[in-house]
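Right, one structure below, let's go through it.
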Amino acid sequence: MGGVKRRVVRSIDWSNWAGTESSKLARVATPRSEAEVVEEVVRAADLGLRVKAIGAGHSFTGVAVTDGVQLRLGALSGVTSIDSTRGEATVRAGTPLHVLNEELEAFGYALPNLGDIDRQSLAGATGTGTHGTGLRLTGLSAGIRALRIVLADGSLVECSPTHEPELFQAARLGLGALGIVTEITVAVVPAFLLHAVERPESLTDVLAHADVSAEANDHFEFYWFPHTDRALTKRNNRVPEGTARRPLPAWREKLDDDLLSNRFFELTNRVATRMPRSTRSINAIASRALSERQFTDSSRKVFVTAREVRFMESEWAFPRASLSEVLLELREWVDTHDERISFPVECRVAAADDVWLSTAYERQSCYIAIHKYHRQGRGAYFDAFEAIAVNHGGRPHWGKLHTRHADYLRSVYPRFDDFLAVRNRVDPERRFGNPYLERVLGA
């Protein structure tokens, strides 16, 4: 492999999308094949450097940070095969989700569930536990059928439920702690349309009927506007085969998305940052400016929302029954403290799964996510939410802001030590380690 060509850039400053993490890299490499990934891992070991793969940099935590070699996997992109009989697609790990969605759609397929952002790479999304919403649908990691991973000794291992099963179970959501994932086989379904109904409602009514709404719809979520009793609800459901697409008119899509997610939202957050006392009024106006809308479109277009405003985020998973109690405790804190919150709070539900480090491991879960504009300080908001979350046995999203250590995480993840055992076997020297993993995994 000594003749393999690679493009290398030295001594680069790096920061993630949100600006919450930064580092100075010893080296950046852009491997174009699995063989080049193997070469880079072996070379890093020879030089005594740690190595990490990076996707789109959308994690808010330091899960992908390194002071050694950063592998940018953007060249490892695209669907390599689709097995219609088994309902699965094999995909290069660096494929961005939006590229994957488009390629699958071109062949008449789709992922069964998605989050609301599609900028992440497939490996980054599955490696940190990206999930969507829907009481009968699991997150992306649970849909992995097999994967290929380069280990610290340079070996390339293919694992599945029947081959290297413990490595497979750990690597489906591996935090980048086990090796460099190069290829993933995921479950796919025939492409489908969703009928979306989005409308503002009072938070009191939403919480009163949250269980019914979650059970009656394929996908149900809502956004609460702090300092108000207003929420925006989203109900998405599959339609019968043969139903015609009825997308939003372009003008309506632009108007609403700018209001909630992009240009106007950027402006209101800048105003709220300069004049915090205006936040309550801004939220009240924004929550009432949104009117009901209905449309039918491809699943990827319904699931995904363009997010141009930069923010920082903390998200925790709880037992499903805890949704109202946790959110009302958070609301009480907001109402009794002099801190102005300009971003809506996102609430979702998801099915239980069997992925060892999944936030939904063996329990139906509700998710509550808080955000702040990237130009604002974190204030006491994130700490207060985390204190509430810990009190309810919450599991923090691995890619979103939290301060928990291994002792706490071991108490909420029954297979935590099983994951560590696999890590100790495949990366005893912590070639893929970093400070974040030292904190959350204990070494």
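Numbers here are sequence positions counted from 1. In this text, all values refer to a predicted model and were calculated from it rather than measured experimentally. Keep in mind that the numbers below use all heavy atoms, side chains included, and drop hydrogens, waters and symmetry copies.
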Any chance the side chains of Thr359 and Tyr367 put a donor and an acceptor closer than 3.5 Å? yes
Can you classify the ring geometry of Trp17 versus Phe311 as parallel (below 30°), tilted (30 to 60°) or perpendicular (above 60°)?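 Rings of Trp17 and Phe311: perpendicular, over 60°.
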Check your understanding: Should the pair Phe343 and His371 be assigned to parallel (<30°), tilted (30 to 60°) or perpendicular (>60°) ring geometry?
Key ->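 The rings of Phe343 and His371 lie parallel, inter-plane angle below 30°.
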Step by step, work out the salt bridge (charged side-chain N to carboxylate O under 4.0 Å, His left out) result for Arg320 and Asp211. CA-CA 9 Å; Arg320 175 189 165 196; Asp211 280 341; 3.6 Å; yes
Does [X] have more than 12 heavy atoms from other residues, nucleotides or ligands lying within 6.0 Å of its [atom1]?
X: His209; atom1: NE2; result: no
X: Arg86; atom1: CZ; result: no
X: Arg425; atom1: CZ; result: yes
X: Arg136; atom1: CZ; result: yes

Practice item. Determine whether the aromatic ring centres of Phe303 and His219 lie less than 6.0 Å apart. Key: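 Yes - the distance between ring centres of Phe303 and His219 falls below the 6.0 Å cut-off.
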| task | Could you check if a side-chain atom of Val150 sits within less than 4.5 angstrom of a side-chain atom of Glu34, using non-hydrogen atoms only? | result | no
Is there a side-chain contact between Phe222 and Glu201, using heavy atoms and a 4.5 Å cut-off? no
Given the options Tyr413, Tyr436, Phe60, Trp398 meets ring-ring contact (aromatic ring centres under 6.0 Å, His included) only with Tyr413
So salt bridge (Lys or Arg N to Asp or Glu O under 4.0 Å) across residues 108-125, not counting sequence neighbours, yields Asp116-Arg307
Nearest 0.5 Å, what's the [atom1]-[atom2] distance between [X] and [Y]?
X: Leu323; Y: Ser365; atom1: CG; atom2: OG; value: 11.5 Å
X: Gln70; Y: Thr30; atom1: CD; atom2: OG1; value: 11.0 Å
X: Glu386; Y: Thr403; atom1: CD; atom2: OG1; value: 3.5 Å

_Lys52 vs Glu21, test: salt bridge (charged side-chain N to carboxylate O under 4.0 Å, His left out). Steps then yes/no._
CA-CA 14 Å; Lys52 298 291 289 183; Glu21 294 287 341; over 6 Å; no
Exercise for the section: Begin with the C-alpha distance, continue with both residues' side-chain angles, and end with the deciding distance and a verdict on salt bridge (charged side-chain N to carboxylate O under 4.0 Å, His left out) for Arg430 and Glu438. Expected result: CA-CA 9 Å; Arg430 303 300 187 251; Glu438 290 169 7; over 6 Å; no
